[in-house]
Amino acid sequence: MKTALLRSAFLSLAVLGPGISLQAQNDSRFAHLSGTLSDSNGGGITDVQVEARMEGSSNSQTWLATSSPGGEYSLDLPAGRYRVRFTRSAFASREMVLDLAPGESRTLGLRLDLAPLSSNVVVTAYTQPTELAHAPAPVDIVGPQEIEQREAVSLPDLLSTQTGISLARTGPVGGLATIFIDGGDSAFTKVLIDGTPVNLPGGDMNFSNLTLDNVDKVEIVHGAESALYGSDAMSGVVQIISHRGSTRIPELDLFSEGGGFSSARGGGQFSGLLGKFDYSAAGSYFHTDGQGVNDAFLNRGFAGNFGYSFSDSNQLRLTVRSDASFAGTPGQTLLGPAFSDSTAYDDLRQLSGSLNWSLKTGSHWVHRISGMEARFLDTAGFPDFRFFETAQFNRAGILAQSTYSFRSGAITAGFQYEVENADPNNLSGLHARRNNQAGFLDVRWLPVARLTLSAGARVEDNTNFGTRVVPRLGGVYALRYSSGFWSDTRFKVSYGQGIEEPTIFESFSQDPCNPGNPALRPEQSHTLHVGLDQFLSDNRVRLTIGFFDSEFHNLINQLVGPANPMCFGGNEMLYFNTDFARARGFNWSGEAHLLRWLTVNGNYSYDDSRVLQTIPDAPSVEQPGNHLIRRPVNSGNAWLNVNFRRVNFNLAGYFTGVRTDSDFDGLGITRNPGYARFDMATSYAFGKSLFLYARLSNLFDKRYQDAIGFPALGRDYRLGLKYRIGSRN
């Protein structure tokens, strides 16, 4: 009986529905609103939610429509004034007020732009923002929600739990912190802050004092990306993207916390939107005594992001970030008193900034001109020996590019010029300068609805090694578009080549015992990625697996040179391109929204890295057949988040297997044991303005070391309050 009634009701709606719509269209009291919604290439956007709400009326009814695969939508509305809003994941929302007269038929077509801060949009893998689903290279995105749920404070702690990343830190807090992506060296990852390169010239990036102040998003691109970013992008790219103000009523966030090891932290963020000017600025202060002798750490940071829109097609943006820290460096205390120092310290200051002008001319062209600079000052002090060493570096450059978008793709051509200056050692008196310039081309094409192809190449001209050409290719094919249990399926493949310029010291050193070699060739990589994305249960579950195969050629090492009694060991040490290595394995990651308030994430990495060729007198741990130093074969992460009413609870676990390592002091230690560590974070909202939060790191007080001899931080707790003012449009 019930089945018959339901069938009858459904048939009635099926018959009467079109009639009701047709009646509304013919009713002179109604207005008809329709149009086509398109992206920057002119293609229609499907599944855009169109919401119309009458203004100045006690009637709270909302009229809804969803755009078709071609981007078309239509609504029949009673005459009146409406606030109409267009929203879709990955695209910036559009909103406007319309006056609709009785019987009026209004056509409203709009172009929606991708939202760079969306977790479904990647800005690092291409020259223009692109939906994550169309990016061939493996990309991991950490958005503001994850940062807040995990109560993350520093970038290295956040990166260490991402797929395929291994962290090496020489000490608990404030020690040198570097990362390895998919088996590549720590110097093989290009690091960008709002588009500004911040690596040392030809070297790695010290993440030790880089906080998450004013950070809304972190993108990790796996694979060689030198075709787009030049030197340093050998095994991956990490980009930090700043928060942008978006509220008409300014938002002010203030926080203060304290906890174990006499730790104290405080700061705030102020952001908003004033007419055509958006602004966001944040700063913080942190101090801890640490867990041992000479283990104190002081960090101060400031970050700002300021933009002005002359029009929708003409925008100017300034970003700046400064991090300054002072850390005690007790040394490899786990190896014994002889390897520790109770007075040594490291004074690190890093500053970066960029000025970016984006201009659209016509419906197809977008141009971008950027100026950028990064400065690095590091002073290592050893008062017991009356010895101080200061290193200063800066890199400054300009970037100009133009993108032509058409219905099925886009093509970008650009030019980049960069100047590198360095005083790598105040004792040597060396000042070196190196100029780099490059032209690049990047193409994205959608020949059919399910297929995205990309290709690019860069011609890099370097003062040291001359001219090199590095290409990349990739493709994404949607094997399945569906709903239900078996949802979307995507296949991805990408290939890229990378280059790494020698460090300033390797090229220009005037040390008679370690002379530089201006004839060094760039280190090179070839990387292939093949992956599959499988979505389940109406896309509430995502499973991703990716295989990678990387080769690293012309790696730089030192050979024993001529005898020189002035040198330690009696011989000079000369730089040459001698080594060869590879890394092969796979990364698996998954995300499941099991309930509205429950999310589970996990990842696992298998990285079989190997030394293939090196110098005969290299240490035994670096001889062919060994795994590359500080890169575990097995590692993984899992975290669970519960967000129920006013409470958020996050539990994260990290594990790593045995790693090849060295004490570098002749003790013969070559094995760093694996470990598992758990962290917990929680928060409680007393209302819309006041939040209580807590973090507990290394929950079970696990004793471990990321680098041999350097103890990691034991169990640590923090308790804090956050107060929010404003934040309304």
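All values derive from a computational prediction rather than experimental measurement.
With a 4.5 Å cut-off on side-chain heavy atoms, Arg584 and Tyr606 do not count as touching. A heavy-atom distance below 4.5 Å is not found between the side chains of Arg695 and Asp679. Here the side chains of Trp588 and Leu543 are in contact, with some heavy-atom distance below 4.5 Å. Residues Phe86 and Ile45 fail the side-chain proximity criterion, which asks for heavy atoms closer than 4.5 Å. Using a 4.5 Å heavy-atom threshold, the side chains of Arg244 and Leu273 count as separate. No side-chain heavy atom of Ser271 sits less than 4.5 Å from a side-chain heavy atom of Ser246. You'll find the side chain of Phe440 reaches within 4.5 Å of the side chain of Thr127, heavy atoms only. Residues Asp113 and Lys360 meet the side-chain proximity criterion, which asks for heavy atoms closer than 4.5 Å.
Of the residues listed (Ile181, Asp182, Ile165), the one engaging Thr189 in a side-chain contact (heavy atoms from CB on, under 4.5 Å) is Ile181, and it is the only one.
A donor-acceptor pair under 3.5 Å is formed between the side chain of Lys217 and the backbone N or O of Ser118. With hydrogens and angles disregarded, no donor-acceptor distance shorter than 3.5 Å links the side chain of Thr247 to the backbone of Gly245. When atom types are taken as modelled, the side chain of Ser454 and the backbone of Val443 share no donor-acceptor pair closer than 3.5 angstrom. The main-chain N or O of Ala681 is never found under 3.5 Å from a side-chain atom of Glu151 such that the two would form a donor-acceptor pair. Between the Ser689 side chain and the Arg724 main chain, a donor and an acceptor come within less than 3.5 Å of each other. In this structure, Ser67 contributes its side chain and Asp47 its backbone to a donor-acceptor pair below 3.5 Å.
Going from atom CZ of Arg85 over to atom CE of Met96 covers 11.5 Å, rounded to the nearest 0.5 Å. For the atom pair Ile193 CD1 and Gln239 CD, the distance stands at 9.5 Å (nearest 0.5 Å). A distance of 9.0 Å separates CG in Leu594 from CZ in Arg540, rounded to the nearest 0.5 Å. The line from CD of Glu95 to OG1 of Thr87 is 10.0 Å long, rounded to the nearest 0.5 Å. Atom CG of residue Leu212 and atom CG of residue Leu158 lie 5.5 Å apart, to the nearest 0.5 angstrom. To the nearest 0.5 Å, atoms CG (Leu64) and CG (Leu75) are separated by 8.0 Å.
Among residue pairs with one or both ends in residues 639-656, none qualify as salt bridge (Lys or Arg N to Asp or Glu O under 4.0 Å); sequence neighbours excluded.
With sequence neighbours left out, the side chain to side chain contact (heavy atoms under 4.5 Å, CB included) criterion links Pro69 to Thr46. The side chain to side chain contact (heavy atoms under 4.5 Å, CB included) check on Ser105 picks up His32, with sequence neighbours excluded. For Tyr404, the side chain to side chain contact (heavy atoms under 4.5 Å, CB included) criterion is met by His364, Trp365, Phe406, Ile411, not counting sequence neighbours. With sequence neighbours left out, the side-chain hydrogen bond (donor to acceptor under 3.5 Å, both in side chains) criterion links Asn634 to Tyr604. Scored by the side chain to side chain contact (heavy atoms under 4.5 Å, CB included) test, Ala457 finds no partners at all (sequence neighbours excluded).
Scanning all heavy atoms of the two residues, the minimum distance from Leu117 to Ser242 falls at CD2-O, 3.8 Å. Ser363 and Arg111 make their closest contact through O-NH1, 3.9 Å (heavy atoms, listed as atom of the first residue, atom of the second, distance). Closest heavy-atom contact between Tyr82 and Met54: OH-CE, 3.0 Å. Here the closest heavy-atom approach between residue Leu112 and residue Ala92 is recorded as CD2-O, 4.3 Å. For Asp538 against Ser487, the heavy-atom pair with the smallest separation is N-OG, 3.0 Å. Nearest heavy atoms, Gly184 versus Ser235: CA-OG, 3.8 Å.
Using a 3.5 Å distance cut-off with no hydrogens or angles, the side chains of Asn539 and His593 do not pair a donor with an acceptor. Checking Thr544 against Arg542 by side-chain atom types alone, a donor-acceptor pair falls below 3.5 Å. Side-chain contact, Thr412 with Thr403: a donor N or O sits under 3.5 Å from an acceptor N or O. Under 3.5 Å, the side chains of Thr527 and Ser550 contain a donor-acceptor pair of N or O atoms. Checked by atom type, the side-chain pair Arg53/Thr62 shows a donor-acceptor distance below 3.5 Å. Between Ser605 and Asn587, the side chains place a donor N or O and an acceptor N or O closer than 3.5 Å (distance only, hydrogens not considered). A donor-acceptor pair shorter than 3.5 Å can be found between the side chains of Thr161 and Arg150.
Stacking of Arg472 on the aromatic ring of Tyr126 is recorded, both the 6.0 Å distance cut-off and the 45° axial limit being met.
Atom CZ of Arg450 has more than 12 heavy atoms from other residues, nucleotides or ligands within 6.0 Å. By the neighbour-count criterion of 12 heavy atoms within 6.0 Å, atom CD of Gln145 is sparsely surrounded, having that number or fewer from other residues, nucleotides or ligands. Surrounding CZ of Arg480 are more than 12 heavy atoms belonging to other residues, nucleotides or ligands, all under 6.0 Å away. Under a cut-off of 6.0 angstrom, the local environment of CD in Glu148 is sparse, with at most 12 non-hydrogen atoms contributed by other residues, nucleotides or ligands.
Under a 4.0 Å N-O distance rule, the pair Asp533/Lys492 qualifies as a salt bridge.
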Apply side-chain contact (heavy atoms from CB on, under 4.5 Å) to Phe491 and Val530, showing your working. CA-CA 8 Å; Phe491 174 77; Val530 179; 3.6 Å; yes
Check the pair Asn601 / Glu146 against side-chain contact (heavy atoms from CB on, under 4.5 Å), numbers first and verdict last. CA-CA 11 Å; Asn601 293 266; Glu146 181 177 339; over 6 Å; no
Determine, step by step, whether Ile241 and Asp194 satisfy the side-chain contact (heavy atoms from CB on, under 4.5 Å) criterion, reporting the C-alpha distance in whole Å, the side-chain angles of both residues, the deciding distance to 0.1 Å, and the verdict. CA-CA 5 Å; Ile241 301 172; Asp194 294 311; 4.2 Å; yes
Begin from the C-alpha positions of Gln269 and Ser280 and carry the test side-chain contact (heavy atoms from CB on, under 4.5 Å) through to its verdict. CA-CA 7 Å; Gln269 177 174 291; Ser280 181; 4.2 Å; yes
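Taking the six-membered ring for Trp and thresholds of 30 and 60 degrees, Phe548 and His529 have ring planes inclined between 30 and 60 degrees apart.
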